[in-house]
There are 2 protein chains.
Amino acid sequence: MKFLSYKLLVPALAILAGSTISGCKPGKAGSSVDADAAQKVYVAPGKYDEVYAFLSGGFSGQVAAYGIPSGRLLKVIPVFSQNAENGYGYSEETKPMLNTSHGFVPWDDSHHPELSKTNGEDDGRWLFINGNNTPRIARINLATFKTVEILELPNIGGNHASPFCTENTEYVVGNTRFSEPLDNSNGDVPINSYKKNFKGAVSFVKVDKDKGAMNLAFQLIVPPFNYDLAHAGKGPSHDWIFFTCYNTEQANTLLEVNASQRDKDFIMAVNWKKAEELIAAGKGTKITAKYAHNVYNENTHTATSVMETGTQTLDVTKFPGLVYYLPCPKSPHGVDVTPDGEYMAASGKLAAVIPVFSFKKMLAAIDKKQYDGMIDGVLPVLKYEDVLHGEVKKPGLGPLHTEFDGKGYAYTTMFVSSEVVKWKIDNLEIIDRIPSYYSPGHLSVVGGDSKKPFGKYLLSLNKITKDRYLPTGPELAQACQLIDITGNKMKLLLDFPTIGEPHYAQMIPAEKILKNQVKFFKLEENKNAYATKSEKDTKVVRNGNRVDVYMTAIRSHLAPDNIEGIKIGDEVYVHVTNLEQDWDVPHGFAIKGANNAELLIMPGETCTLKWTPGLVGIVPYYCTDFCSALHQEMQGYFRVSPAGSNVPVKFSIGENPVTQ
Amino acid sequence: MKFLSYKLLVPALAILAGSTISGCKPGKAGSSVDADAAQKVYVAPGKYDEVYAFLSGGFSGQVAAYGIPSGRLLKVIPVFSQNAENGYGYSEETKPMLNTSHGFVPWDDSHHPELSKTNGEDDGRWLFINGNNTPRIARINLATFKTVEILELPNIGGNHASPFCTENTEYVVGNTRFSEPLDNSNGDVPINSYKKNFKGAVSFVKVDKDKGAMNLAFQLIVPPFNYDLAHAGKGPSHDWIFFTCYNTEQANTLLEVNASQRDKDFIMAVNWKKAEELIAAGKGTKITAKYAHNVYNENTHTATSVMETGTQTLDVTKFPGLVYYLPCPKSPHGVDVTPDGEYMAASGKLAAVIPVFSFKKMLAAIDKKQYDGMIDGVLPVLKYEDVLHGEVKKPGLGPLHTEFDGKGYAYTTMFVSSEVVKWKIDNLEIIDRIPSYYSPGHLSVVGGDSKKPFGKYLLSLNKITKDRYLPTGPELAQACQLIDITGNKMKLLLDFPTIGEPHYAQMIPAEKILKNQVKFFKLEENKNAYATKSEKDTKVVRNGNRVDVYMTAIRSHLAPDNIEGIKIGDEVYVHVTNLEQDWDVPHGFAIKGANNAELLIMPGETCTLKWTPGLVGIVPYYCTDFCSALHQEMQGYFRVSPAGSNVPVKFSIGENPVTQ
């Protein structure tokens, strides 16, 4: 697509997008729906789904786990946003998870779930997810479905090209969508000095191969393009990782127009092995930006947040051979590497073809040293013809993302023409196309970015919903479609709405996750400093204006109850330990009028609610999770007296009053 | 069930509960599953579900709308809890919705969705929902699926028996689960003075019949029992409303034991018409407790919160004929009125029968004036035999709640024996029973508490999940089951997991909601004080350390961009107006590192994010809702300078720089 003027371009795109979605009425399932779809997606009561799908929540900041093929929402895993339902980001134990160099940030925009990999295959151990807004990478433990680590990334804005991992999860990466001055907090520069002062930074986060612990190993300082997506090589391309970049114009105002000027932008190929060697050889330069590193310990059930300072960096303009640029039409979005590691399919969202690059040819072109110019005078741009395997012709409008089925086929979403297109990797021929309702962004095949895709199911993750479900006022759920890819022709099976924006998803056969499931936490392993492991040890301890309540919960009472001696001006910390030792017996805890959420406490766990009583009077508390026939009776009272009152600390355990 | 000692009772209940759920393996669908279930629940892509189900989120504090029969989650409607996904409780416009007399409370425990009724039938206009923890009633506008009003209830703790409505939604009610001293903030009394100082209060909230606006009309002061559920009469019993009460022992410690002493507790029958007349005649006494009243205006798109003081009360002991007590075995949970208004089925969760009371017999017994004693010396207890229609014998263990199909049948959940039991209202014979996985609390039939049930579908809302779905670590989704009740035998169709705890649900045929749907807000009707209706009017206005940014969003840019002249110490209010005027074109807005959530702005709406920049530097902002092919380009930058800097206010609209 040639450049159109601003006035022409915007309406043209609006028309393109609009044409696929206007005039639609509910009730048209379409001829591409599988006749046996009902049977294929039905999971009978009590049966398990075959596949876990992990969908990012997009602007919800969370991750949602769905069962496939049923499309049932199994769990929202809170990651970057407060979640009142289970107290995440409200309890004293979990608040530190949302610390950043900017202080407490209760929300983020989570885009790309990434399953950890061993030998290029999904291993079912951890799920990584990026925070796009306040740049972070989180790690979820798939044995417990808890967010156990969040690492902030300094020197960047918009951590979009993240958290893609290398073949053995040696690293997960993050790259800049919104370039900033390096160590931004030191700078106060005009925005129109963008080309001079702003930089991109590619973060390489080392992942401990046994524990999963993340550490920011180093950053590469790169030109201030907008880096969008990434995928690492595998097999022959193991040492490399590929990033799409748009806004290679380096515009800093009205990007809609100014970042769509060039016919080709780039894929940036990074030799991460070489970068690792340079850092190991002491070639890095330290930049002193601050970033938070938050770790949730599943024995203490408590998060700690540490502020780190400084990271090793390599300015890629100073180290020849670290990065090469592959021209790619136009404003590329996705770059996806075939299971054998030989081809990289890129998708220029304003392009009319899908270019597929050859890794072998890339290496040959690098050896040949005949470039199509240099960026910043030193960063080689390879020749398009030299690195091209070929182009998928007439794929549709607005190609965005591609995944693979392991049988030689690729599947690409077309945002503007609203369809999924199946094509053959070797000869680049289009095999099939299926409409998608409406405007798909990412897609996901089970194991579809790995060395050994499982295939079978494809999710089309759509950006526009309109009439797909019963309406819910102006704000609609987002739309996801399940497509059967077992045959030559794709078959639509099911539409299901999703939580937040289903920006991207990864799917994995259930057996890989099932084998490691933790059903409850062992009480004997609870190392929380405020854990109370026996009802007889419950107590209320005053220290100045701090009051610690050591409480236990077991069917069907909270101990202690009838707590007196609390005063206005106190800070009350209620530490509730769930004494149950069985599967699925959570207890909840809430205090009337507390300026906080509830606690939801799993068996064997301790959680703490901080409460600053504001009014004199009697204040009930109770269990919020219906746990037994006598759940409704699981309650107690605080008595809050005026500041300076001499009401003594007094409470009951069982029916036994205790006065201190 | 006779009283068992504490040591006996607790293990006995644990065994009862445990026996139904031990040793279960996934993969057993059970013989009661409909052979055609897959076809019956399948809603083909693009087709609409037949029924909306509104499930309370329980401890999530929200309401979730599902499509039935598919079980698909259509939308989480934020009510009592902050919701980072769309900025509810974070944006300046919505923060006031969570104000209470205790200050800002970001969470509640929502239990009973209640559809507004006209002539005893669901009219599809509003949905009410109670906040249990910090006592409140909310109203959702079903034309927009937005929470438009939240009214706090003073003088009570635990607003559990709420928000049930009278036959024409004249009133919605709330009643005390945790009694407190009246005007609690004035009292500082020992908890063991419970019987003397604590009271229950029944709130009658008047609902404007055209606009839906709520106002606390009056409260009845009642004995300090724990009031659990309620249902209003209809037809012949129009003037009455019935409440279950447990803990009629008035225990205040270890209720598990001490509130389970009596063989019978009560149904409290309240003549609300008479109460209304007494209040109109000026017989009320004013109590000066404070409570918040929060209203969201859908033209200004802004909530306001007013603190009200004082309410009219009637002490029921002083007004004969207002309340009567019907003995009910044992610790009753639900009380449900048949569609014809003649029978009240109660469920004593520790009882071995389901007693069904006759309204006619109740009136006759009141006339007869032969009582089974008096509560507090003046409140008549009617004789069990006098008011009983009959008992459903051997229904199972732990009956909780009943709904009706309009064909003469009733359906009751059995918590302990984990089943749903169908029985005939006239002869009280059991027709059928179906296992429920596991431990159902409430159930819901389409229109099942109304004068004209639609029937067809029943939801069993289960309290225990265990192995019903692919596991997700120790914290599992909650469990809901869809049962076909069109035939003589109930047939299980589908299991689907739910958001939060599906405490109770109401279902309504989709057509009743569809007819009033708002697809977007009209820009010309936007009365927000900070609305910007044209891009040319966007601006940045400094007033001392307050900076107001008047911003617009339209595909695919935010105006202004490149905003300079922000300084450390500023309070920045970004007012974003979405200029789109089409269905399903939201825009989002986020600022890197803001200690706040994003905004999600519907077409025609204005939302405001307050941001207090903490670090000098360049700060990107962008649209968080994937709105078009050029969504990724929809970005801008703030420049934050040190306090005292002389960088002038400067920004760009389109590509035109503006300096002030």
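Lettering follows sequence order; numbering is per chain, from 1. Values reported hereafter were calculated over all heavy atoms of this structure, with side chains retained and with hydrogens, waters and symmetry mates removed.
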Residue selection (most heavy-atom pairs with chain A, distance under 4.5 Å) from B:V43, B:N226, B:V41, B:L73 = B:L73
Could you look at A:L615 and say if it's the side chain, the backbone, both or neither that has a heavy atom under 4.5 Å from chain B?
-> side chain
A:A594, part contacting chain B, at a heavy-atom distance under 4.5 Å | backbone
Could you give the distance from CD (A:Q82) to OH (B:Y90), rounded to the nearest 0.5 Å?
-> 3.5 Å
Where on A:E501 is there a heavy atom nearer than 4.5 Å to chain B: the side chain, the backbone, both, or neither?
-> side chain
Does a side-chain N-to-carboxylate-O contact under 4.0 Å join A:E475 and B:K146?
-> no
Side chain, backbone, both or neither: which part of A:S331 has an atom under 4.5 Å from a heavy atom of chain B?
-> side chain
Sub-3.5 Å donor-acceptor pair from the side chain of A:Y469 to the main-chain atoms of A:F496, do we have one?
-> yes
Give a yes or no on whether a salt bridge exists between A:E633 and A:R555, defined as a side-chain N under 4.0 angstrom from a carboxylate O.
-> no
Looking only at A:D188, A:D495, A:T134, most heavy-atom pairs under 4.5 Å shared with chain B are made by A:D188
Aromatic ring proximity, centroids under 6.0 angstrom, A:F415 and B:F626 | yes
Name the region of A:A143, side chain, backbone, both or neither, that has any atom closer than 4.5 Å to a heavy atom of chain B.
-> backbone
Please state whether the side chain, the backbone, both or neither of A:V647 comes within less than 4.5 Å of a heavy atom of chain B.
-> side chain
Relative to chain B, which segment of A:L74 carries a heavy atom at a distance below 4.5 Å: side chain, backbone, both, or neither?
-> both
Could you look at A:N184 and say if it's the side chain, the backbone, both or neither that has a heavy atom under 4.5 Å from chain B?
-> both
Contact origin within A:V105 toward chain B - heavy atom pairs under 4.5 Å = both
Regarding A:H160 and A:N132, is there a side-chain donor-to-acceptor distance under 3.5 Å anywhere?
-> no
Tell me, out of B:H333, B:H503, B:R72, who's got the most heavy-atom pairs with chain A below 4.5 Å.
-> B:R72
Please look at A:K519 and chain B and tell me whether the side chain, the backbone, both or neither of the residue comes under 4.5 angstrom of a heavy atom of that chain.
-> backbone
Just give me the residue among B:T100, B:N141, B:T465 that pairs up with chain A most often, heavy atom to heavy atom, under 4.5 Å.
-> B:T465
Side chain, backbone, both or neither: which part of A:I77 has a heavy atom under 4.5 Å from chain B?
-> neither
